[in-house]
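See below for the structure under consideration.
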Amino acid sequence: MKKITLLSMLLCMAVSVFAQKSVLFDFAASGDGLPTAATTEETYTYNGYEFTMQNCKYSEGYNGGANYLMVYQVGKGAKIDGYVTLPSFDFKIGSITVLTGSSASTNVDVALCNGDEVIETKKLNAKSAEFTWTITGDNIGTRYTLKVANAYNAQFQEIIITEASSS
């Protein structure tokens with residue numbers, strides 16, 4: 001019996017050591033603190049975290065769909081500069097996942113950037129789908145940016161930040 005109890009305790013400790021932090025920003029649930037009209041670069045506090053946004057706004061779902069954060073381009077032929085710079089965290093980030101909106105463009109390219117460096121660009125080619133960028137070599141406190149990289153709008157119902165694995 002003692003062996004089973006000891007084994008159970010060790011297993012619980014191992015799980016807690018390897019448990020990764022995850023922070024969910026659920027724009028479908030709430031837009032409190034987010035801009036509701038087109039914006040130039042400004043800082044907004046959402047759920048206690050500071051985001052820097054340009055050409056973003058909180059929008060109600062289309063035809064009863066879920067609410068979302070719209071990240072968009074200025075206009076046809078104009079500079080494409082819609083982006084959201086994520087908050088810094090007290091852990092190393094291992095991945096950033098977005099859940100696209102139900103009326104999102106399936107042609108939008110979104111670049112994950114660290115400052116001016118593009119880490120990876122993904123074509124968000126499905127509605128109400130998750131897309132994940134995996135990050136390696138992160139430093140605690142790094143602020144990443146999700147930037148529209150072509151002439152289409154992006155919709156984010158959720159952004160999930162997951163801690164890098166400690167293994």
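Keep in mind it's a predicted model, so treat the numbers as computed, not measured.
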>> For a side-chain contact (heavy atoms from CB on, under 4.5 Å) check, start with the C-alpha distance between V71 and F156, then their side-chain angles and the critical distance, and finish with the verdict.
In response: CA-CA 8 Å; V71 184; F156 301 142; 3.7 Å; yes

> Do D138 and Y144 have side-chain N/O donor and acceptor atoms under 3.5 Å apart?
Replying inline: yes

>> Minimum heavy-atom separation for Q157 and A66, please, with both atom names.
In response: OE1-CB, 3.2 Å

>> Checking K127 now: which residues fulfil salt bridge (charged side-chain N to carboxylate O under 4.0 Å, His left out) with it, not counting sequence neighbours?
In response: none

>> Tell me if the aromatic rings of Y44 and Y46 count as close, with their centers under 6.0 Å from one another.
In response: no

>> Taking CD in E42 as the centre, count heavy atoms belonging to other residues, nucleotides or ligands within less than 6.0 Å. Is the count above 12?
In response: yes

> Can you tell me if T132 and T97 form a side-chain donor-acceptor pair at under 3.5 Å?
Replying inline: yes

> Aromatic ring centroids of Y58 and Y68 under 6.0 Å?
Replying inline: no

> Donor-acceptor pair, S30 side chain versus D32 backbone, under 3.5 Å?
Replying inline: yes

>> Just verifying a value: how many Å separate Q155 CD and S102 OG, rounded to the nearest 0.5 Å?
In response: 6.5 Å

> Between C113 and V118, what is the shortest heavy-atom contact and its length?
Replying inline: SG-CG2, 3.9 Å

> Roughly how far apart are S165 OG and K92 NZ, rounded to 0.5 Å?
Replying inline: 11.5 Å

> Can you tell me if Y152 and D109 form a side-chain donor-acceptor pair at under 3.5 Å?
Replying inline: no

> Under 3.5 Å, is there a donor-acceptor pair between the side chain of N139 and the main chain of T142?
Replying inline: no

>> When you compare the side chain of L69 with that of C56, does any pair of heavy atoms fall below 4.5 Å?
In response: yes

> To the nearest 0.5 Å, how far apart are CG in N153 and CG in L124?
Replying inline: 12.0 Å

> Which is it for L86 and I161 under the side-chain contact (heavy atoms from CB on, under 4.5 Å) test, yes or no, and what are the steps along the way?
Replying inline: CA-CA 9 Å; L86 304 171; I161 311 298; 3.8 Å; yes

>> So which atom in G82 and which in N55 form the shortest heavy-atom distance, rounded to 0.1 Å?
In response: CA-CB, 3.8 Å

>> Side chains of D81 and Q54 only: does a donor on one sit below 3.5 Å from an acceptor on the other?
In response: yes

> Is K122 atom NZ crowded by more than 12 heavy atoms from other residues, nucleotides or ligands, each under 6.0 Å away?
Replying inline: yes

>> Could you tell me if the side chain of E163 sits less than 4.5 Å from the side chain of S22, heavy atoms only?
In response: no

> Does the side chain of Y72 reach to within under 4.5 Å of the side chain of V148, using non-hydrogen atoms?
Replying inline: no

> Is it the case that one hydrophobic cluster holds both F27 and Y83, taking links as side-chain heavy atoms less than 4.5 Å apart, direct or via other members?
Replying inline: no

>> Hydrophobic clustering (ILVMFWY, side-chain heavy atoms < 4.5 Å, transitive) - are Y49 and I160 grouped together?
In response: no

> Given side chains that start at C-beta, do those of V98 and F25 come closer than 4.5 Å, heavy atoms only?
Replying inline: no

> Hey, does T52 have a side-chain heavy atom less than 4.5 Å from the side chain of E41?
Replying inline: yes

>> Measuring from atom CD1 of I135 to atom CD1 of I96, what distance do you get when rounded to the nearest 0.5 angstrom?
In response: 3.5 Å

> If every non-hydrogen atom of L99 is compared with every non-hydrogen atom of S128, which pair is closest and at what distance?
Replying inline: CD1-C, 3.7 Å

> How many angstroms lie between atom CE of M53 and atom OG1 of T40, to the nearest 0.5 angstrom?
Replying inline: 13.0 Å

>> Pair E50, T43 - check side-chain contact (heavy atoms from CB on, under 4.5 Å), show working.
In response: CA-CA 6 Å; E50 284 192 359; T43 299; 3.8 Å; yes

> When you check the gap from the basic side-chain N to the acidic O, do K21 and D90 get nearer than 4.0 Å?
Replying inline: yes

>> Between N150 and N107 (side chain of the first, backbone of the second, donor and acceptor by atom type, cut-off under 3.5 Å), is there such a pair?
In response: yes

> Should F131 and N125 count as side-chain neighbours, where that means a heavy-atom distance under 4.5 Å?
Replying inline: yes

>> As a quick check of understanding, evaluate side-chain contact (heavy atoms from CB on, under 4.5 Å) for E158 and L24, giving each step before the final call.
In response: CA-CA 7 Å; E158 296 177 353; L24 167 67; 3.8 Å; yes

> Does the side chain of L112 reach to within under 4.5 Å of the side chain of L146, using non-hydrogen atoms?
Replying inline: yes

>> Between T36 and K57, is there a side-chain heavy-atom distance shorter than 4.5 Å?
In response: no

> Hey, what do you get for OG1 (T100) to CD (E130), rounding to the nearest 0.5 Å?
Replying inline: 9.0 Å

